[in-house]
Amino acid sequence: MEKSRKTNTADAYAVQCGKCFKWRLIPTKEQFEDIRQNFIDDPWACDKNPNVSCDDPGDIEYDTRNVWVIDKPNLPKPPSGVERLLIMRSDYSKMDVNYVMPNGKKLRSSVEVEKFLEAHPEYKDKYSLADFSFTTPKIPPEMIPKDIEPKVPSVRKKQKTKDSQSISEV
DNA sequence: GCCACCGGTGGC
DNA sequence: GCCACCGGTGGC
């Protein structure tokens, strides 16, 4: 996923084809969430779209012209009426997950979800804890803009090679 | 007074 | 060492 400097949230979503490894843009967040929730059992491929094949050029390149963040596969899709927000810290150190409930309340952890459901029994048959995941994507070090100052100069963070690609929000 | 944002840490 | 979680607070 690529983040807009303005909104601090993803402004595009892309999935990588399991066969040709090209990246294809997914038009909406909800479609992206649909693909993501079953990604391991049902990996995505270009021909999932009747009008697209691996012979077609990719929609977007994985490079530093955008800030890419690789999402975890198989996150539960937010139930209807609930939106999952993924917010980038201004220093690109990490991301935060918030769930926006139908009444506008934002939840920051599973514990808060639990409390919310207790406090609002009317939602209890509609939503369950399993619908929520606060797992955050990793930010590949090369995606951190060059003009961002490293956080604590005294502490060196070690770079990590991250395997995968698979799913990504841009 | 709220809430978006950030820093710190406990537990794994 | 990582990351899910939460307390604090500055700016509105």
Side-chain angles (χ1 to χ4, degrees), chain A residues 1-16 26 28-30 32-41 43-44 62-64 66-170:
Chain A
M1 108 172 171
E2 142 196 20
K3 152 200 173 287
S4 135
R5 285 238 186 192
K6 287 232 150 132
T7 63
N8 286 348
T9 62
D11 54 11
Y13 300 88
V15 189
Q16 191 175 36
I26 303 300
T28 69
K29 183 177 188 175
E30 187 178 3
F32 180 78
E33 288 168 343
D34 278 328
I35 295 166
R36 183 177 60 190
Q37 68 177 342
N38 294 320
F39 193 76
I40 293 175
D41 291 338
W44 193 85
Y62 181 86
D63 60 33
T64 55
N66 293 298
V67 176
W68 289 73
V69 161
I70 307 299
D71 227 340
K72 301 272 171 49
N74 283 31
L75 298 182
K77 184 183 179 181
S80 77
V82 175
E83 183 179 11
R84 187 178 194 269
L85 296 182
L86 193 49
I87 301 153
M88 179 66 83
R89 298 275 179 115
S90 60
D91 64 356
Y92 292 80
S93 60
K94 58 183 168 183
M95 304 191 81
D96 294 295
V97 175
N98 281 3
Y99 281 91
V100 187
M101 304 307 283
N103 64 0
K105 175 80 175 164
K106 290 186 178 174
L107 304 178
R108 306 185 298 163
S109 71
S110 316
V111 181
E112 290 187 5
V113 173
E114 224 170 343
K115 287 180 187 165
F116 180 90
L117 294 180
E118 286 304 318
H120 301 83
E122 66 271 24
Y123 292 131
K124 280 184 103 174
D125 49 346
K126 226 178 151 194
Y127 307 140
S128 86
L129 260 186
D131 294 326
F132 299 83
S133 166
F134 291 85
T135 300
T136 56
K138 263 299 235 242
I139 303 157
E142 68 273 16
M143 290 299 164
I144 300 173
K146 296 291 180 272
D147 57 340
I148 299 292
E149 292 295 324
K151 230 350 36 159
V152 180
S154 60
V155 178
R156 278 281 152 190
K157 300 237 145 145
K158 152 174 99 166
Q159 297 217 143
K160 227 172 100 176
T161 30
K162 230 332 193 336
D163 50 326
S164 66
Q165 37 351 225
S166 3
I167 264 202
S168 136
E169 307 173 54
V170 185

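Note on naming: letters A, B, ... go to the chains in the order of the sequence lines (proteins, then strands), and numbering restarts at 1 for each one. Atoms considered below: every heavy atom in the structure, side chains included; atoms not considered: hydrogens, waters and symmetry mates.
Side chain of A:Lys138, nearest nucleotide from C:dA4, B:dC5, C:dC2: C:dC2. When the nucleotides B:dG7, C:dC5, B:dA4 are ranked by their closest atom to the side chain of A:Phe134, C:dC5 comes out on top. In the set B:dG8, B:dC5, B:dC6, B:dC5 carries the atom at the smallest distance from any side-chain atom of A:Ile87. Distance from the side chain of A:Asp91 is smallest for B:dG7 among the nucleotides C:dA4, B:dG7, C:dC6.
Between B:dC3 and A:Lys106, no contact under 4.0 Å exists linking OP1 or OP2 to a side-chain N or O. Contact annotation: A:Ser109 side-chain N/O to C:dA4 OP1/OP2 distance is not under 4.0 Å. Residue A:Ser110 has no polar side-chain atom (N or O) positioned under 4.0 Å from OP1 or OP2 of C:dA4. Applying the 4.0 Å criterion to OP1 and OP2 of B:dC5, one finds that A:Ser90 has every side-chain N and O outside that range.
In this entry the distance linking CG of A:Leu75 with P of C:dC3 reads 14 Å, nearest Å. A straight line from CG of A:Leu129 to C1' of C:dA4 spans 14 Å, rounded to a whole angstrom. Nucleotide C:dC5 holds its C1' atom 13 Å from the CD atom of A:Glu114, rounded to whole Å. Per the geometry, CZ belonging to A:Arg108 stands 11 Å off P belonging to B:dA4, to the nearest Å. Whole-Å rounding puts the A:Leu86 CG to B:dA4 P distance at 15 Å. Look at CG on A:Asn98: it is 9 Å from C1' on B:dA4, rounded to the nearest Å. Between the CG atom of A:Asn8 and the P atom of B:dC3 there is a distance of 18 Å, given to the nearest Å. As a whole-Å value, the separation of A:Met95 CE from B:dC6 C1' is 15 Å.
Put simply, the side chain of A:Lys94 and the base of C:dG1 share no donor and acceptor less than 3.5 Å apart.
A salt bridge between A:Glu30 and A:Lys77 is present, with a side-chain N of the basic residue lying under 4.0 Å from a carboxylate O of the acidic one.
Not counting sequence neighbours, A:Asn38 has no partner by the side-chain hydrogen bond (donor to acceptor under 3.5 Å, both in side chains) test. In this structure, A:Asp41 has no side-chain hydrogen bond (donor to acceptor under 3.5 Å, both in side chains) partners at least two apart in sequence or on a different chain.
If you check every strand for non-hydrogen atoms under 4.0 Å, A:Val111 touches sugar and phosphate atoms only.
Residue A:Asn8 forms a side-chain contact (heavy atoms from CB on, under 4.5 Å) with just one option from A:Leu85, A:Ile87, A:Asp96, and that option is A:Ile87.
Taking the six-membered ring where tryptophan is involved, the planes of A:Tyr123 and A:Phe116 are essentially parallel, since the angle between them stays under 30° and well short of 60°.
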